[in-house]
Amino acid sequence: MSTIFTKIINGEIPSYKIAEDDDFYAFLDINPNAVGHTLCVPKKEVDRLLDLDEETYQGLMAFSRKVGLAIEAAISCNRVGMTVIGLEVPHVHVHLIPLNGMQDATFQHKVSLSPEEFTAIAEKIRAKIQ
Ligand code: AMP
């Protein structure tokens, strides 16, 4: 059975899309630690980061860097942090999180956003993708 992220990539489940190429897809995390919290996912369905083949791993890092630079340009923050967890969704994803303090990296403090706010944030970040 497909993962929820494959369903998002295939358009079966909606997402606030940030970027896409042949191999990767980026969208806003629906339960964000901070405004602009984004997930970067390889289209290839692999559970664990370190099980990715070398090319996909390097490609995911390059794609995440491009998206992270756009987040930094669009969202006021001290820096963009990157983390990989994967305990909830068994499909590799890089969390890109705008950080203003350690609390933004803990996954204990969440921000609540309306659909209109998610849409506006995604548009802002998309406009900065190079
Ligand atoms: P983890 O697998 O522990 O790295 O966490 C999975 C992340 O995916 C969490 O931050 C969730 O909020 C996020 N997530 C789960 N379902 C969706 C969805 N449908 N759209 C966007 N983000 C999601």
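Whatever order the structure lists them in is the order used to number ligands and atoms, beginning at 1. Scope of the values below: all heavy atoms of this structure, side chains included, with no hydrogens, waters or symmetry mates.
For His95, the closest heavy-atom approach to ligand 1 falls below 4.0 Å. Within the structure, the closest approach of Phe27 to ligand 1 falls below 4.0 Å when heavy atoms are considered. Using a 4.0 Å cutoff on heavy atoms, Phe5 counts as a contact of ligand 1. At least one heavy atom of Gly86 sits closer than 4.0 Å to an atom of ligand 1.
Atom CZ of Arg65 has 12 or fewer neighbouring heavy atoms from other residues, nucleotides or ligands inside a 6.0 Å radius. Around atom CD of Glu12, more than 12 heavy atoms belonging to other residues, nucleotides or ligands sit under 6.0 Å away.
Every N/O-N/O distance between Ile85 and ligand 1 stays at or above 3.5 Å. For a threshold of 3.5 Å applied to N or O pairs, the pair formed by Val89 and ligand 1 contains at least one separation below that value.
Closest to atom 6 (C) of ligand 1 by heavy atom, among Lys110, His93, His91, is His93. When the heavy atoms of Val84, Val41, Asp29, Ile4 are ranked by distance to atom 11 (C) of ligand 1, first place goes to Asp29.
Using a 30° and 60° split on the angle between ring planes, Phe5 and His91 fall in the tilted class, from 30° to 60°. Classification of the His37-His95 ring pair by plane angle, with boundaries at 30° and 60°, yields tilted.
When each atom of ligand 1 is checked for a heavy atom of Leu39 under 4.0 Å away, the hits are 8 (O), 13 (C), 22 (N).
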